[in-house]
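Any value given below was found using the heavy atoms of this structure, including those in side chains, with hydrogens, waters and symmetry copies removed. The first residue in the sequence is number 1, and the count goes up from there.
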Amino acid sequence: MSVENPFEFGRELSGSELVDRQEELDVVQRVFRERGRLFLIGPRRFGKTSLLRAAAERAERDGIVVLRHDAEAYPSTRLLAEGILSEAAQRLTGSIERAGKSLRDFFTSLRPTISFHPITNSFSASITAEKSLSDPALLTSVLDGLDRMASTYSGSVAVVIDEFQHVIEQGDGLATERQIRAAIQRHDHIAYVFAGSKTAMLAEMTSDAARPLYRLGQRLFLGPIPREDFVPFLKQSFEDSGFSVRDEAVLTLLDLAEDVPYNVQRLAYACWNTLRNRDCPPALEPHDVRSALDGLVRRDDPFYSQMWNRLTSTQKNALLAIVRENGTGLFSRDVLDRYDLPQSTMATALQAFVSTGLARREEYEGRTRYRLEDPFFAAWLRLFVAPIDPGS
């Protein structure tokens, strides 16, 4: 019987902790091996970063050097470029002397300097190129130099930039896209994976024939974990802890979390704690799952209240429409009248939700559906707000 909660959320998972994702892992691995290009597109909370970590772990065991960086972790693209340069110097050279020589040989125009930090046993690189050089140009110059550097390396090299849309947003849009394409389409020695959570933005960027990144590489959309894989995992995890669980309870859990992996794990974590604290033989029932969600939502009430109170009255109505109408038919005359919203106002509100990450637009089988990025916010709305009239 397990005495530790088996459900993990809020951190990167290792390959051994992932549920399914075998097909997606195989795609990323193939891109690494074949030095290809891949755009990995998936909403937040779907496990994109954990997938990249697991793929990198496998690749490293096969001798592939993976330079993985999260663009949102850097205040500027210049600092991202320096971060990639620092890791490349350390991973592809191994000594401060060789690193210095490699930087001078392959990154001459950037005039980089390298430092070694003995306490952390790490390198750091800084770029002293002209400040007039734009950040996107700086990044592509680093990638150009890295491709030259990788041509002399005995193994394979891959660059992974997570939350890639941040690079485009910090730059000047299409011009940045053109610079990136012009650089990496010439590279023969590096595999690239560009991952991002702004699904609509990245889908348009890679599917519009007029955009520079169109058909630069293959695309992989990361959706929910199939229930045929998630249900056995959830049941087994509860049962390994000595708890029984009804099939209906597991399906209720997935329904309430809307199959979003992060939220599924978080709700399962709360359910497990509920069962552990019981004196009677613990069995997970559907009402236990609903009670656990109620507790989570009430605990996060201050956070959700702030999100709600920052919205305008028309945005509040549009948000309620998403929740009550299941995200579909939002431009129908009945829905617009019900929520007292002109079509243009509804469109503006939905666009704002998508751009700020509050909601996402899903397109499937020729239909469009809007969903809140955090399904527990929808649960909070149903609990505290949904009873009010749309026009109030």
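Residue pairs meeting the side-chain hydrogen bond (donor to acceptor under 3.5 Å, both in side chains) criterion with at least one member in residues 149-160: none, sequence neighbours excluded.
The existence of a salt bridge linking Arg290 and Glu285 is excluded, since no basic side-chain nitrogen approaches an acidic carboxylate oxygen closer than 4.0 Å. Of the charged side-chain nitrogens involved, at least one lies within less than 4.0 Å of a carboxylate oxygen, so that Arg298 and Asp294 count as a salt-bridged pair. Arg266 has a carboxylate O that lies under 4.0 Å from a charged side-chain N of Asp300, or vice versa, which qualifies the two as a salt bridge. The pair Lys235-Asp247 meets the salt-bridge criterion, since a charged nitrogen lies less than 4.0 angstrom from a carboxylate oxygen. A salt bridge between Arg333 and Asp337 is present, with a side-chain N of the basic residue lying under 4.0 Å from a carboxylate O of the acidic one. Ion pairing between a basic and an acidic side chain is recognised when a charged N comes within 4.0 Å of a carboxylate O; Arg35 and Asp188 show no such pairing. Under the 4.0 Å criterion applied to side-chain N and carboxylate O atoms, Arg44 and Glu163 are assigned as salt-bridge partners. Remark: Glu325 engages Arg338 in a salt bridge, criterion side-chain N to carboxylate O under 4.0 Å.
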Yes or no on salt bridge (charged side-chain N to carboxylate O under 4.0 Å, His left out) for Glu60 and Arg91, after CA distance, side-chain angles and deciding distance? CA-CA 11 Å; Glu60 296 282 354; Arg91 302 284 304 282; 2.7 Å; yes
Go through the steps to decide whether Val289 and Asp255 satisfy the test side chain to side chain contact (heavy atoms under 4.5 Å, CB included), and finish with yes or no. CA-CA 10 Å; Val289 181; Asp255 286 342; over 6 Å; no
Mind running side chain to side chain contact (heavy atoms under 4.5 Å, CB included) on Val323 and Val385 for me, showing each step along the way? CA-CA 11 Å; Val323 174; Val385 180; over 6 Å; no
Show the numbers, then the answer: is there a salt bridge (charged side-chain N to carboxylate O under 4.0 Å, His left out) between Glu57 and Arg53? CA-CA 6 Å; Glu57 288 174 349; Arg53 173 183 171 178; 2.9 Å; yes
Do Cys271 and Phe238 pass the side chain to side chain contact (heavy atoms under 4.5 Å, CB included) test, and can you show the C-alpha distance, the side-chain angles, and the key distance before you say yes or no? CA-CA 9 Å; Cys271 290; Phe238 280 111; 4.0 Å; yes
Let me see the working for Val31 and Gln218 under side chain to side chain contact (heavy atoms under 4.5 Å, CB included), right down to the final yes or no. CA-CA 9 Å; Val31 169; Gln218 58 180 304; 3.5 Å; yes
Verdict with supporting geometry, Thr368 and Glu363, side chain to side chain donor-acceptor pair (under 3.5 Å): CA-CA 5 Å; Thr368 298; Glu363 297 184 23; 4.7 Å; no
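Linking Ile, Leu, Val, Met, Phe, Trp and Tyr residues whenever their side-chain heavy atoms come within less than 4.5 Å leaves Leu174 and Leu139 in two separate clusters. Tyr214 and Leu220 fall into different hydrophobic clusters, defined by Ile, Leu, Val, Met, Phe, Trp and Tyr side-chain heavy atoms under 4.5 Å apart, directly or through other members.
Contact of the Phe194 side chain with the Val167 side chain is not registered, since no non-hydrogen atoms from C-beta on lie closer than 4.5 Å. Two residues are said to be in side-chain contact when any heavy atoms from C-beta on lie closer than 4.5 Å; Leu358 and Leu319 meet this criterion. Contact of the Val354 side chain with the Gln351 side chain is not registered, since no non-hydrogen atoms from C-beta on lie closer than 4.5 Å. Between Ile225 and Asp259, the closest side-chain pair of non-hydrogen atoms is not below 4.5 Å. Taking the side chain as every heavy atom from C-beta outward, Leu350 and Arg361 never approach each other to under 4.5 Å. At a threshold of 4.5 Å between non-hydrogen side-chain atoms, the residues Val160 and Phe32 count as touching. Using a 4.5 Å cut-off on side-chain heavy atoms (C-beta onward), Met346 and Leu336 make contact. A heavy-atom distance below 4.5 Å is found between the side chains of Ile180 and Phe164.
Checking Ser102 against Thr93 by side-chain atom types alone, no donor-acceptor pair falls below 3.5 Å. Side chains of His187 and Asp144: a donor-acceptor N/O pair is present below 3.5 angstrom, by distance only. Side chains of Asp162 and Thr49: a donor-acceptor N/O pair is present below 3.5 angstrom, by distance only. Looking at His166 and Tyr74, their side chains never bring a donor and an acceptor atom within 3.5 Å of each other.
The structure places CG of Leu146 at 12.5 Å from OG1 of Thr140, a figure rounded to the nearest 0.5 Å. How far CG of Leu284 is from OG of Ser241: 11.5 Å, rounded to the nearest 0.5 Å. The line from CG of Leu103 to CG of Leu110 is 9.5 Å long, rounded to the nearest 0.5 Å. Put simply, CG on Leu330 and CZ on Arg369 are 10.5 Å apart, with the number rounded to the nearest 0.5 Å. Rounding to the nearest 0.5 Å places CG of Leu341 at 10.5 Å from CD of Gln315. Atom CG of Leu80 is separated from atom OG of Ser76 by 8.5 Å, given to the nearest 0.5 angstrom.
When Glu24, Glu23, Gln22 are each tested for a side chain to side chain contact (heavy atoms under 4.5 Å, CB included) with Asp26, only one passes: Gln22.
Aromatic rings from Tyr192 and Phe39 are positioned such that their centres are separated by 6.0 Å or more. The distance between the ring centers of Phe243 and Trp272 falls below 6.0 angstrom. For Phe7 and Tyr269, the gap between ring centers reaches or exceeds 6.0 Å.
Under a cut-off of 6.0 angstrom, the local environment of CZ in Arg276 is crowded, with over 12 non-hydrogen atoms contributed by other residues, nucleotides or ligands.
Under the rule for a salt bridge (Lys or Arg N to Asp or Glu O under 4.0 Å), Glu82 has no partner lying at least two apart in sequence or in another chain.
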Name the atoms and distances for all side-chain donor-acceptor pairs under 3.5 Å in residues 370-380, with sequence neighbours left out.
{"residue": "Arg371", "atom": "NE", "partner": "Glu258", "partner atom": "OE1", "Å": "3.4"}
{"residue": "Arg371", "atom": "NH2", "partner": "Glu258", "partner atom": "OE1", "Å": "3.2"}
{"residue": "Glu373", "atom": "OE1", "partner": "Arg360", "partner atom": "NH1", "Å": "3.4"}
{"residue": "Asp374", "atom": "OD1", "partner": "Asn263", "partner atom": "ND2", "Å": "3.3"}
{"residue": "Asp374", "atom": "OD1", "partner": "Phe376", "partner atom": "N", "Å": "2.9"}
{"residue": "Asp374", "atom": "OD2", "partner": "Tyr304", "partner atom": "OH", "Å": "2.6"}
{"residue": "Trp380", "atom": "NE1", "partner": "Asp301", "partner atom": "OD1", "Å": "2.7"}

